[in-house]
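First up is the structure itself, then whatever we jot down about it.
One-based numbering along the sequence shown.
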Amino acid sequence: MGQQQLLLIVLSVIIVGIAVVVGINMFGASAVAANQDAVVNDCLNIAAKAHQWAIKPAGMGGGGNSFSSIDVSVLGMPLKSATEIETENGTYTIDGSAGTSCAVTGTGVTQDRDGKVCVIETKVELKGGKITTTVKDRK
């Protein structure tokens, strides 16, 4: 083979290698973003179910306009423990100790390049049903 042909083969191998590395990085970033979106969706779903439970009268098995006695088992979600919900997207805890508001904290499962996962916090207010979601951090 001529030097020109060998040079073209080496150049082709380098370009294909770079393309594979870029593709792997893009796939990893997409997986992390998809998991974060899924955790936000799960947090909103859990917050909506918690709000629905809280506004139901206590005589009908609800919270009687309070989150203070909320139990994760009443939300109909898959349980990890007595205080945590677990889905394929992450693990979620509920804190209703404030009474008139409730905080749902979700921790994702897909790690980014630094080995960190997303942490999402969703708060629901009893009055007006206001739900706010924030990306707290990666841990």
Side-chain angles (χ1 to χ4, degrees):
M1 286 189 161
Q3 283 185 337
Q4 206 172 22
Q5 290 172 329
L6 287 173
L7 184 61
L8 285 173
I9 290 173
V10 168
L11 188 59
S12 301
V13 168
I14 290 172
I15 290 173
V16 168
I18 290 171
V20 167
V21 169
V22 168
I24 289 171
N25 286 340
M26 286 178 62
F27 177 77
S30 175
V32 170
N35 182 244
Q36 181 172 326
D37 291 343
V39 171
V40 168
N41 187 38
D42 284 347
C43 282
L44 289 173
N45 186 26
I46 293 168
K49 287 184 178 199
H51 183 260
Q52 182 181 12
W53 175 85
I55 62 174
K56 189 186 292 185
M60 296 178 69
N65 287 323
S66 177
F67 288 105
S68 59
S69 63
I70 193 165
D71 181 7
V72 294
S73 63
V74 299
L75 301 178
M77 303 286 288
L79 300 178
K80 179 178 182 179
S81 68
T83 59
E84 292 182 319
I85 295 171
E86 183 174 46
T87 68
E88 63 276 357
N89 303 319
T91 304
Y92 308 90
T93 58
I94 300 175
D95 179 15
S97 60
T100 59
S101 66
C102 176
V104 179
T105 304
T107 305
V109 294
T110 303
Q111 297 180 351
D112 62 11
R113 292 175 57 161
D114 298 331
K116 297 180 178 182
V117 295
C118 66
V119 178
I120 309 294
E121 184 173 81
T122 300
K123 291 187 178 182
V124 58
E125 299 289 329
L126 192 58
K127 187 175 182 179
K130 180 180 175 185
I131 297 176
T132 56
T133 301
T134 55
V135 178
K136 284 184 69 172
D137 200 0
R138 294 194 174 274
K139 67 173 190 173

*Is there a side-chain contact between Cys118 and Val32 (heavy atoms, below 4.5 Å)?*
no
*Say you draw a straight line from CG of Leu75 to CD of Gln52; how long is it, rounded to the nearest 0.5 Å?*
9.5 Å
*Looking at Ser66 and Leu126, what are the two nearest heavy atoms and their distance?*
N-CD2, 3.8 Å
_Taking the side chain as everything from C-beta on, heavy atoms only, tell me whether Val109 gets closer than 4.5 Å to Val117._
no
*Inter-residue atom distance Ile94.CD1 - Thr122.OG1, 0.5 Å rounding*: 10.5 Å
_Contact check, side chains of Thr105 and Ile120, non-hydrogen atoms, under 4.5 Å_ = no
*Asp42 vs Met77 side-chain heavy atoms within contact, under 4.5 Å*: no
*Rounded distance [0.5 Å steps], CD in Glu121 versus OG1 in Thr133*: 9.5 Å
_Residue list, side chain to side chain contact (heavy atoms under 4.5 Å, CB included) with Asn41, at least two apart or on another chain_ = none
*Shortest non-hydrogen contact between Thr87 and Pro78, atoms and distance*: CG2-CG, 4.3 Å
*Given Ile131 and His51, is the side-chain contact (heavy atoms from CB on, under 4.5 Å) satisfied, shown in steps?*
CA-CA 9 Å; Ile131 297 176; His51 183 260; 5.6 Å; no
*Check: Trp53 side chain, Gly61 main-chain N or O, donor-acceptor pair, under 3.5 Å*: yes
*For the atom pair CG (Asp95) and NZ (Lys123), what is the distance rounded to the nearest 0.5 Å?*
9.5 Å
Would you tabulate the side-chain donor-acceptor contacts of residues 8-15 under 3.5 Å, counting partners in other chains and residues two or more places apart, or write 'none'?
| residue | atom | partner | partner atom | Å |
| --- | --- | --- | --- | --- |
| Ser12 | OG | Leu8 | O | 2.8 |

*What's the spacing between Thr91 OG1 and Ile85 CD1 if we round to 0.5 Å?*
10.0 Å
*Are there more than 12 heavy atoms of other residues, nucleotides or ligands under 6.0 Å from atom CD of Glu86?*
yes
_Euclidean distance, Lys49 NZ relative to Ile70 CD1, rounded to 0.5 Å_ = 11.5 Å
*Please check if Val74 and Ile46 belong to a single hydrophobic cluster, counting links between Ile, Leu, Val, Met, Phe, Trp and Tyr side chain heavy atoms closer than 4.5 Å.*
yes
*Do Val104 and Val124 come within less than 4.5 Å of each other through their side chains, counting heavy atoms only?*
no
_Heavy-atom pair with the smallest gap, counting every atom of Ala38 and Tyr92_ = O-OH, 4.4 Å
*asked:* Would you say that Asn89 contacts Asn35 through its side chain, given a criterion of any heavy-atom pair below 4.5 Å between the two side chains?
replied: yes
*Glu84 versus Val72: any side-chain heavy-atom pair under 4.5 Å?*
no
